[in-house]
Amino acid sequence: MTNNSFNEKFEEIYKQSAQAISIAPGRVNLIGEFTDYNNGFVLPCALEFATRILYKKREDNKVVVHSLHYPGEHDEFSIDGDITPGESQWGNYIRAVAFVFKRQGHQLCGLDLLIDSNVPQGSGLSSSAALEVSMGGIFNQACQLNLSGQAIALLGQEAENDFMDCQCGIMDQLVSANGKKGHALLMDCRSLETQSVSIPEDLSIVIVNSNYPRKLVDSEYNQRRIDCEEAASKMSVSSLRDATLDNLNAARSIMTDNEYKRAHHVITENHRVLNAVEALKNNNMKTLRELMTASHQSLKNDFEVTVPETDGLVQICQEALGTQGAVRMTGGGFGGAIVCLCRHDDIAKIKEAVEAQYHARFNIHASIYVGKAGDGLQVSEL
Ligand code: GLA
């Protein structure tokens with residue numbers, strides 16, 4: 001929807017104009033999966049797909065929220081009392097952000113809000129982080145809190161951990177807040193330092209969404225995190241970031257199989273991220289391909305977060321691209337999307353192969369997007 005018709009919709013609902021717009025993107029992770037909550041390294045980039053929220057401050061202390069995607073529904077709550085979950089699932093993300101800002105002692109204000117988003121939902125491209133960061137940007141601006149992108153991202157993560165019950169790491173919110181056009185962001189999830197890494201001009205990022213319906217994602221996700229923490233504690237390190245393969249092998253006899261495998265994934269994945277940064281800087285497709293292939297295998301066999309549909313898509317795209325592409329699953333797993341890095345001319349090969357084979361094998365249609373690395377959070381007065 002264009003900015004003009006989005007504004008008109010706001011006026012139609014609230015009988016007055018919006019004062020500002022907050023825009024926060026979804027992300028695709030190039031490599032470094034499930035390493036963030038183990039204090040490790042990740043290499044995502046923000047996308048041009050984004051969640052936009054128009055707002056206007058209210059005279060009272062109510063937050064009223066409508067979404068273009070759920071026209072019959074709206075949510076409404078007061079920032080005065082306790083903020084608790086309501087009936088609307090998407091409205092709860094707004095409540096979650098209000099809850100953590102308030103808990104941190106920030107003085108909030110009442111708001112009229114209208115949400116629009118083109119981040120594909122349920123695809124592992126972080127539509128929820130985009131919503132949290134976009135909303136955080138609004139409280140920051142409307143209530144003049146002067147928070148940094150990093151502080152907004154940390155609050156977004158707290159909203160997810162403490163209100164939405166998903167024990168996610170910091171990757172999605174931090175890249176949504178601080179992403180940079182044309183760049184991936186290497187993050188050290190322990191220090192939260194970031195380094196932007198330019199994506200070579202001739203490299204395309206193709207995202208293929210399996211459209212496999214994700215189930216039990218949060219409980220499986222949280223269990224993986226528990227396994228990782230147990231493994232770290234059995235190796236007497238504070239997080240898997242500090243563990244080596246030697247530590248892991250020495251502790252093997254006191255670990256469950258799952259703890260061993262989860263830790264093996266994380267320790268090896270951290271190395272792959274740092275090597276991938278060099279490969280990206282040198283536009284070295286051969287190394288990128290090896291690293292992304294190894295990452296996918298590790299997510300399949302050790303971390304066990306892939307499904308036949310995402311494994312199948314990876315195989316289809318790897319075969320279509322041959323030596324000219326690097327492919328792996330991306331995001332939280334259990335369905336969702338895969339990511340391919342390839343030259344522009346080879347995008348057609350992915351499209352052809354997916355169209356010819358995926359539905360025939362899995363009886364679902366995939367969606368293909370050519371992603372562009374975009375900027376992080378932007379809040380502008382209208
Ligand atoms: C989800 C979480 C992130 C990260 C990824 C897996 O996207 O929100 O914090 O753990 O899964 O890498």
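In what follows, every heavy atom counts, from backbone to side chain, and hydrogens, waters and symmetry copies are set aside. Whatever order the structure lists them in is the order used to number ligands and atoms, beginning at 1.
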- Region of Arg27 that comes within reach of ligand 1 [heavy atoms, distance under 4.0 Å]: side chain

- Message: Just by distance, no angles: are the side chains of Thr2 and Ser5 close enough, under 3.5 Å, to form a donor-acceptor pair?
- Response: yes

- Which heavy atom of the protein is the closest neighbour of atom 8 (O) of ligand 1, given with residue, atom name and distance? Asp172 OD2, 2.7 Å

- What do you reckon, does Phe34 have a nitrogen or oxygen under 3.5 Å from a nitrogen or oxygen of ligand 1? yes

- Task: Just need the protein heavy atom nearest to atom 3 (C) of ligand 1, so name the residue and atom and give the distance.
- Result: Asp36 OD2, 3.3 Å

- Task: Say whether Gly331 and ligand 1 are in contact under the criterion: heavy-atom distance to a ligand atom below 4.0 Å.
- Result: yes

- Item | Any donor-acceptor pair under 3.5 Å from Asn92 side chain to Gly86 backbone | yes

- Query: Are His271 and Glu269 close enough, and set up right, to give a side chain to side chain donor-acceptor pair (under 3.5 Å), and what steps lead you there?
  - Reply: CA-CA 5 Å; His271 290 289; Glu269 184 82 347; over 6 Å; no

- Query: Measuring from the heavy atoms of Met329, does anything fall under 4.0 Å of ligand 1?
  - Reply: no

- For Phe77, the ring-ring contact (aromatic ring centres under 6.0 Å, His included) test, sequence neighbours excluded, returns none

- Item | Which residue and heavy atom of the protein sit nearest atom 5 (C) of ligand 1, plus the separation | Met171 CE, 3.8 Å

- Query: Strictly by modelled atom types, are Asn301 and His265 linked by a side-chain donor-acceptor pair under 3.5 Å?
  - Reply: no

- Could you list the atoms of ligand 1 found under 4.0 angstrom from a heavy atom of Cys168? 2 (C), 8 (O), 9 (O)

- Give a yes or no on whether the ring-centroid distance for His264 and Phe303 is below 6.0 angstrom. no

- Task: Return yes if a side-chain donor-acceptor contact under 3.5 Å exists between Asp227 and Asn258, otherwise no.
- Result: no

- Short N/O distance, under 3.5 Å, between Glu33 and ligand 1? yes

- Side-chain contact, heavy-atom cut-off 4.5 Å: Lys15 with Glu11? no

- What protein heavy atom sits nearest atom 10 (O) of ligand 1, and how far away is it? Tyr221 OH, 2.5 Å

- Item | Numbering as shown, the atoms of ligand 1 that approach Gly169 to under 4.0 Å (heavy-atom distance) | 9 (O)

